[in-house]
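Only one structure is covered here, and it is reproduced in the block below.
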Amino acid sequence: MELTAEQEESARMELQTYLPLSQAVFGTLLLKSRVHADPMKVFVDNWPDFSVLVCKPTREQETDFFKDIHIFVKDKAALEKTIRNGKVFDWTQSMCVGTDLDNREIFKAVASEKQSLWRHLSLCHMMILKDLSCLPDVNCSGITLGSVNESHIQLLKQTWKFGQDNAVSMIQNMVRYFPSCCVLDAEGRPVSWVLTYASCAMGMLYTLPEHRGKGYARVVVCALAKRLYTEGYPVFCFIEEENTVSFQMFKRLGFTEDPSYRHTWFDFTPIAN
């Protein structure tokens with residue numbers, strides 16, 4: 001069933017008891033309750049005692065592909081039933097899904113049954129800043145900070161690992177509605193930046209090659225972390241397992257992880273008849 005706004009608030013309170021495993025869907029519902037961004041539907045298998053919760057952005061065009069579906073799962077049998085439900089999952093469309101790695105085999109099996117090709121996009125550590133006092137002091141003297149704006153979208157698309165044309169709509173949504181931070185050069189152009197995803201996770205961190213080695217990544221991460229924390233949002237991010245440089249940097253900044261948990265993304269593409 002699809003939740004009402006009042007039910008979403010109740011679900012969010014329930015999800016707090018399952019942190020950090022529920023971090024992505026909890027962050028999604030919290031941001032959704034405060035920011036009127038692109039539309040999103042929230043489904044559960046049962047109410048009020050749900051075992052599966054699905055946050056599903058409304059896809060209005062092909063460039064909405066990277067508006068991820070996020071799922072929280074307490075029971076695998078309920079998950080299997082939910083993702084077979086055509087009102088929740090439309091297997092005739094391409095889609096990108098974020099979930100616990102532990103749910104991989106169920107998604108593979110149902111994708112095969114629904115004649116959809118699946119691809120493992122990324123496997124990530126989830127890093128959380130539990131207390132603002134864990135952040136080190138970062139020297140920002142001589143650095144001009146600002147927020148990313150819509151004139152920067154093409155630059156973000158070109159430098160993001162997954163920044164193809166079908167990511168533009170997602171990036172535009174992030175820039176318009178969610179907190180961001182960037183270092184600006186003398187001409188007001190961003191040279192280092194970090195944004196906030198719809199799940200409330202910090203991400204898309206990048207510094208232009210010619211500006212690396214100056215500590216800009218630390219500066220923008222700390223600045224955005226402080227803003228999110230002050231505004232009452234969870235402060236966390238997903239770091240791909242092979243990205244050891246970022247993993248070590250976030251550890252030095254006071255972020256910690258639960259080593260037993262891995263978050264993963266899959267994309268699904270229907271097989272043409």
Side-chain angles (χ1 to χ4, degrees), residues 1-18 21-33 35-122 166 169-170 173 197-201 238 263-273:
M1 63 171 284
E2 182 179 351
L3 298 187
T4 65
E6 184 177 348
Q7 289 169 334
E8 286 178 20
E9 184 175 355
S10 297
R12 179 162 51 85
M13 299 302 292
E14 172 72 11
L15 288 166
Q16 275 191 292
T17 65
Y18 292 95
L21 300 181
S22 61
Q23 192 73 69
V25 290
F26 172 77
T28 299
L29 292 184
L30 180 59
L31 202 54
K32 182 178 184 292
S33 71
V35 180
H36 296 291
D38 283 3
M40 176 182 297
K41 295 182 178 181
V42 180
F43 297 95
V44 293
D45 63 313
N46 188 52
W47 185 258
D49 299 319
F50 61 88
S51 295
V52 177
L53 186 143
V54 179
C55 296
K56 182 182 179 183
T58 301
R59 292 185 61 188
E60 299 171 340
Q61 52 191 346
E62 190 60 32
T63 53
D64 289 345
F65 173 73
F66 275 107
K67 291 181 179 177
D68 304 343
I69 298 170
H70 276 286
I71 304 174
F72 170 68
V73 179
K74 289 191 285 184
D75 179 81
K76 286 184 168 51
L79 171 65
E80 189 170 351
K81 183 177 179 180
T82 299
I83 64 178
R84 283 200 171 100
N85 185 339
K87 293 182 180 180
V88 181
F89 273 77
D90 183 357
W91 290 95
T92 67
Q93 284 190 336
S94 298
M95 54 186 171
C96 184
V97 177
T99 186
D100 187 333
L101 177 64
D102 200 35
N103 300 322
R104 174 175 53 187
E105 295 306 317
I106 291 176
F107 273 99
K108 285 175 62 177
V110 176
S112 176
E113 175 190 309
K114 299 293 185 179
Q115 296 189 304
S116 181
L117 296 174
W118 78 283
R119 180 167 61 108
H120 199 173
L121 281 178
S122 60
N166 57 9
S169 184
M170 182 204 74
N173 190 54
Y197 289 109
S199 64
C200 212
F238 296 107
H263 201 81
T264 189
W265 277 262
F266 305 108
D267 73 23
F268 299 97
T269 306
I271 300 173
N273 294 323

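The structure presented is a predicted model; accordingly, all values stated were derived computationally and were not measured. Nothing fancy with the numbering, it's 1 onward along the sequence.
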State, with a plain yes or no, whether a side-chain heavy atom of Lys56 is found less than 4.5 Å away from one of Val42. no
Sequence-distant partners of Thr264, side chain to side chain contact (heavy atoms under 4.5 Å, CB included), two or more places apart: Thr99, Leu101, His120, Leu123, Phe266
Taking the side chain as every heavy atom from C-beta outward, state whether Gln93 and Pro270 have any pair of such atoms under 4.5 Å apart. no
Decide side-chain contact (heavy atoms from CB on, under 4.5 Å) for Phe238 and Ser122; before the verdict, give the C-alpha distance in whole Å, the side-chain angles of both, and the deciding distance to 0.1 Å. CA-CA 10 Å; Phe238 296 107; Ser122 60; over 6 Å; no
Does the side-chain contact (heavy atoms from CB on, under 4.5 Å) test come out yes or no for Leu53 and Ile71, once each step is laid out? CA-CA 6 Å; Leu53 186 143; Ile71 304 174; over 6 Å; no
Which of Asn85, Ile69, Val73 passes side-chain contact (heavy atoms from CB on, under 4.5 Å) with Val54? It is Ile69
So, do Cys55 and Leu29 sit near enough that their side-chain heavy atoms are less than 4.5 Å apart? yes
Does the side chain of Met95 reach to within under 4.5 Å of the side chain of Asp267, using non-hydrogen atoms? no
Any chance CD of Gln16 has more than 12 other-residue heavy atoms, nucleotides or ligands included, within less than 6.0 Å? yes
Taking the side chain as C-beta and beyond, is there a heavy-atom pair between Ile83 and Ile106 under 4.5 Å? yes
Taking the ring of Trp91 and the ring of Phe268, is the distance between their centroids below 6.0 Å? yes
Please list all pairs passing the side-chain hydrogen bond (donor to acceptor under 3.5 Å, both in side chains) test where one or both residues lie in residues 69-78, with sequence neighbours left out. Tyr18-Lys74, Lys76-Asp102
Please lay out, stage by stage, how Tyr197 and Asp68 fare under the test side-chain contact (heavy atoms from CB on, under 4.5 Å). CA-CA 10 Å; Tyr197 289 109; Asp68 304 343; 5.8 Å; no
Supply the atom-to-atom distance Gln115 CD to Thr269 OG1, rounded to the nearest 0.5 angstrom. 13.5 Å
Verify the neighbour count for atom CE of Met13: are there more than 12 heavy atoms of other residues, nucleotides or ligands below 6.0 Å? no
Go through Leu121 and Arg119 one step at a time and tell me if the side-chain contact (heavy atoms from CB on, under 4.5 Å) criterion holds. CA-CA 6 Å; Leu121 281 178; Arg119 180 167 61 108; 3.4 Å; yes
Are more than 12 heavy atoms from other residues, nucleotides or ligands located less than 6.0 Å from atom CD of Glu113? yes
To the nearest 0.5 Å, what is the distance between CZ on Phe26 and CG on Leu15? 8.0 Å
Is Thr17 reaching over with its side chain to a backbone N or O of Glu14, donor-acceptor style, under 3.5 angstrom? yes
I need the Leu30 CG to Ser199 OG distance, nearest 0.5 Å. 11.5 Å
Should Leu79 and Asn103 count as side-chain neighbours, where that means a heavy-atom distance under 4.5 Å? yes
Separation between CZ of Arg12 and CD of Glu8, rounded to the nearest 0.5 Å: 9.0 Å
Should the pair Glu2-Lys87 be classified as a salt bridge under the 4.0 Å nitrogen-to-oxygen rule? no
Contact check, side chains of Phe89 and Phe43, non-hydrogen atoms, under 4.5 Å: no
Any donor-acceptor pair under 3.5 Å linking the side chain of Ser112 with the backbone of Lys108? no
Value rounded to 0.5 Å, distance of CG in Leu21 from CZ in Phe72: 6.5 Å
Output the distance between atom NZ (Lys81) and atom CG (Asp45), rounded to the nearest 0.5 Å. 8.0 Å
